[in-house]
Novice: 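Before we start, here is the structure in question, set down as structure tokens.
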Amino acid sequence: MTLPEEMFNSIRNARMFMLALLDPTMTPKVPKEIRQRASDRLRHFPSEFEINNLQEMFNNSHKDKGIIIGETNKQLN
């Protein structure tokens, strides 16, 4: 079972991966077509700001259940 924190981290990691694909210094020898596909996907991918907002909305909607994501004192009931 994937925990909510793992889900948000996965979204962040996917975004960082696609950004790395766009940078030839970070990912040399990646074909132009792959870089273009990463760029196309990032166009509609949530930004770090939007991911944080989604995470906060999730946390606020689950406070009564004791689920807190991305904070030091996490609780799962």
Side-chain angles (χ1 to χ4, degrees):
M1 177 176 165
T2 300
L3 297 174
E5 181 175 8
E6 293 169 329
M7 178 184 64
F8 285 108
N9 285 338
S10 179
I11 295 168
R12 283 185 180 94
N13 289 335
R15 186 174 193 288
M16 290 187 320
F17 174 72
M18 288 186 285
L19 287 169
L21 284 176
L22 295 180
D23 186 353
T25 62
M26 292 179 71
T27 53
K29 299 182 183 179
V30 171
K32 186 176 182 177
E33 179 184 334
I34 300 298
R35 292 190 198 285
Q36 185 59 51
R37 289 175 67 185
S39 176
D40 292 345
R41 300 320 181 269
L42 278 169
R43 188 170 294 124
H44 302 289
F45 208 82
S47 67
E48 183 64 30
F49 177 78
E50 292 166 324
I51 296 168
N52 288 337
N53 283 342
L54 289 170
Q55 190 170 7
E56 186 176 330
M57 287 182 348
F58 180 87
N59 286 338
N60 289 336
S61 69
H62 288 83
K63 280 192 178 179
D64 60 331
K65 297 176 186 173
I67 299 173
I68 307 296
I69 306 302
E71 296 182 12
T72 54
N73 48 344
K74 300 170 200 142
Q75 301 172 343
L76 295 176
N77 292 334

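We number each residue from 1, following the sequence as shown.
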Novice: Keeping T27 on the side-chain end and P24 on the backbone end, is there a donor-acceptor pair under 3.5 Å?
Specialist: no
Novice: State, yes or no, whether a side-chain contact exists between R15 and S47 at a heavy-atom distance under 4.5 Å.
Specialist: yes
Novice: Examine L54 and L42 and state if one hydrophobic cluster contains both, with Ile, Leu, Val, Met, Phe, Trp and Tyr joined whenever side-chain heavy atoms are less than 4.5 Å apart.
Specialist: yes
Novice: Indicate if I51 and M57 have the same hydrophobic cluster label, given that clusters are the connected sets of ILVMFWY residues with side-chain heavy-atom separations under 4.5 angstrom.
Specialist: yes
Novice: Membership question, hydrophobic clusters at under 4.5 Å side-chain separation (ILVMFWY): are F8 and M16 in the same one?
Specialist: no
Novice: Strictly below 4.0 Å, N to O, side chains only: are D40 and R43 in salt-bridge contact?
Specialist: yes
Novice: Just verifying a value: how many Å separate R41 CZ and L21 CG, rounded to the nearest 0.5 Å?
Specialist: 11.5 Å
Novice: Quick one: CD on Q55 to CG on N60, what's the gap to the nearest 0.5 Å?
Specialist: 11.0 Å
Novice: To the nearest 0.5 Å, what is the distance between CZ (R37) and CG (L22)?
Specialist: 13.0 Å
Novice: Just do the side chain to side chain contact (heavy atoms under 4.5 Å, CB included) check on R12 and N52 with the steps written out, would you?
Specialist: CA-CA 10 Å; R12 283 185 180 94; N52 288 337; 2.6 Å; yes
Novice: So how far is it from L19 CG to S39 OG, rounded to the nearest 0.5 Å?
Specialist: 10.0 Å
Novice: Rounded to the nearest 0.5 Å, what separation is found between the CD atom of E33 and the CZ atom of R35?
Specialist: 12.5 Å
